[in-house]
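Structure, as structure tokens:
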Protein chains: 2
Amino acid sequence: MATGRTHRPATRSRGIPEATVARLPLYLRALTALSERSVPTVSSEELAAAAGVNSAKLRKDFSYLGSYGTRGVGYDVEYLVYQISRELGLTQDWPVAIVGIGNLGAALANYGGFASRGFRVAALIDADPAMAGTPVAGIAVQHTDDLDRIISDNGVSIGVITTPPGAAQQVCDRLVAAGVTSILNFAPTVLSVPDGVDVRKVDLSIELQILAFHEQRKAGEEAAADGRAAVDPDSDEAPPMRATPAGRKGPDGDMPAVMPA
Amino acid sequence: MATGRTHRPATRSRGIPEATVARLPLYLRALTALSERSVPTVSSEELAAAAGVNSAKLRKDFSYLGSYGTRGVGYDVEYLVYQISRELGLTQDWPVAIVGIGNLGAALANYGGFASRGFRVAALIDADPAMAGTPVAGIAVQHTDDLDRIISDNGVSIGVITTPPGAAQQVCDRLVAAGVTSILNFAPTVLSVPDGVDVRKVDLSIELQILAFHEQRKAGEEAAADGRAAVDPDSDEAPPMRATPAGRKGPDGDMPAVMPA
DNA sequence: TACTGTGAAGCACTTCACAGCG
DNA sequence: CGCTGTGAAGTGCTTCACAGTA
């Protein structure tokens, strides 16, 4: 798994909290919209509303970057756009390679939001020889065999994985071996990478499951309108039963006694 | 914007921390894989490794659900799969509607991970009349005009928005009016919803920007191999300059003196 | 013995509330 | 006067370390 230090120690890079970094793109988007409307300055309150956060948090976030506001006035829009872009590294060009050109890979290749902020789709890579040469979003798909060369030739340091889960780790290893140090993973797989390589994960199914959790809770609260609480959401469900967990103490419906099939 | 209470108060639903809820799907996936290999029990250490978290965290997470393990042995795989599924509300069927059938919407409609865990694509909706009737992933696309009816007829409570940003808020409003109470938003927009409606956001471009931030930092550290620190990542960049922020104190490269164009 | 379950300590982020300044 | 910038307090999550138990 990891190569050097094991865990990764709390990543507060250069003193900017990770949580702040994750919000900077949000502020940047709101500021860009203001900039397009030629709004010259904005208060923390207004900008916070546009970005969907509270103003104290926004001011604290900006305080990590420096003192870029004017008391009694607010923030200069253009100036902030520049400072945040620079902080995020968006003033330079980032060639990106997408590996796995299925439905999702193709959707990403066509996604306009990519190009708008310094990211450039430099290569599309797929394992299917039949796809080689086919243009997707105006770019010819290349074969996995040439992955190493494609990555180095284009100076790619950010890779996007949109392969099926079974191929993800292998593709990841090859990307890393070829010099990629940041990976955006859409495959539902836990990737192992050496230390110094960043992985971010986008997992559709996880997001839906989190929503389902809250949704279920809402349904329960609703049903508990009068006097009594927590409805067991599934009385006629298929429950497994193995081993013999003796003194178990789950919060509600311990478990029915039928086996699935 | 919000209807009742304004902010949303720290959402620790029924005592399970939000951070834990967000990890349950991860555990579930790892457990499902073990289950398919007919592994009967697993220790916190092993399962944690498979899910990519540390074992203390995993044990703490499970302790919020109840005492489902056996000391000296570990956790019963099937039993845990059932308990987590139930906790997440996956033992019931969740009809989902996808609005905006472009590249991304179509990719999602075709995504297998949907169906596997209680989620069923019940409807595809698009504003383009030309698309109405076209089958995508075996489901006929329906027109936005019928959105309200489609949502109620199918009992949809989870909506997925994959429209262009300009349409997202309007679609969101209509979904909510029709009875949807959970939304997964892929459009790069901050959505306003009434209280009681959950929104989760998946934003590709934000993920890339976060990666770019760390990537830039790596490049800087690398260059600072000998004696001196922090390289200014862009000396020949286009810097804006408006208003007159007097005593500014950005951490590095204050700002060159040329205007863009 | 080998592993879970959990108080307690530690840490990071958020929010408050107000001093400071244009 | 209005709004930023920030110490200090508050909150929630993570990690430690070990008592408890099959």
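Chain A is the first sequence line, chain B the second, and so forth, proteins listed ahead of strands; every chain is numbered from 1. Note that the structure is predicted; figures quoted are calculated from it, not measured.
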(message) Around atom CD of A:Gln169, are there more than 12 heavy atoms from other residues, nucleotides or ligands closer than 6.0 Å?
(response) yes
(message) Tell me whether the side-chain N/O atoms of B:Asn54 come closer than 4.0 Å to OP1 or OP2 in D:dT15.
(response) yes
(request) Classify the nucleic acid contact of A:Phe62 as base, sugar-phosphate or nothing, counting any heavy atom under 4.0 Å across all strands shown. (result) nothing
(message) Rounding to an integer number of Å, can you tell me how far B:Leu47 CG sits from C:dG5 P?
(response) 12 Å
(request) Would you mind reading off the distance between B:Lys57 atom NZ and D:dG12 atom C1', rounded to a whole angstrom? (result) 13 Å
(message) I need the CD-P distance between B:Glu45 and C:dC3, as an integer number of Å.
(response) 9 Å
(request) Choose from C:dG22, D:dG5, C:dC3 the nucleotide whose nearest atom is closest to any side-chain atom of A:Arg59. (result) D:dG5
(message) So, under a plain 3.5 Å distance rule, would you say the side chain of A:Arg71 forms a donor-acceptor pair with the base of D:dG2?
(response) no
(request) For this output row, return yes or no: ring centroids of A:Tyr68 and A:Phe62 closer than 6.0 angstrom. (result) no
(message) Looking at B:Tyr75, I'd like to know whether one of its side-chain N or O atoms comes within less than 4.0 Å of OP1 or OP2 on C:dA2.
(response) no
(request) Please state whether the phosphate of C:dT4, meaning OP1 or OP2, lies under 4.0 angstrom from any side-chain nitrogen or oxygen of B:Ser44. (result) yes
(request) Evaluate the side-chain proximity of A:Leu31 to A:Val42: yes if any heavy-atom separation is below 4.5 Å, no if none is. (result) yes
(request) Using the test ring-ring contact (aromatic ring centres under 6.0 Å, His included), find all partners of A:Phe186 that sit at least two apart in sequence or belong to another chain. (result) none
(request) Could you please name the option among D:dC13, C:dC13, C:dT15 that lies closest to any side-chain atom of B:Glu18? (result) D:dC13
(message) Can you tell me which nucleotide in D:dC13, C:dT15, C:dG22 comes closest to the side chain of B:Ala19?
(response) D:dC13
(request) Report the distance from atom CD of A:Glu46 to atom C1' of D:dG2, rounded to the nearest whole Å. (result) 12 Å
(request) Tell me whether the OP1 or OP2 atom of C:dC13 has a side-chain N or O from A:Tyr64 closer than 4.0 Å. (result) no
(message) Can you tell me which nucleotide in C:dG22, D:dT14, C:dC13 comes closest to the side chain of A:Thr70?
(response) C:dG22
(request) Could you say whether B:Gly74 or A:Thr20 is positioned toward the 5' end of DNA chain C, judged by the nucleotide with the nearest heavy atom to each? (result) B:Gly74
(request) Look at the side chain of A:Lys60 and decide which nucleotide, out of D:dT15, D:dG7, D:dG5, has an atom nearest to it. (result) D:dG7
(request) Identify, with sequence neighbours excluded, every residue that meets salt bridge (Lys or Arg N to Asp or Glu O under 4.0 Å) alongside A:Arg23. (result) A:Asp61
(request) Between C:dC18, C:dC16, C:dC13, spot the one nearest the side chain of A:Ala56, thanks. (result) C:dC16
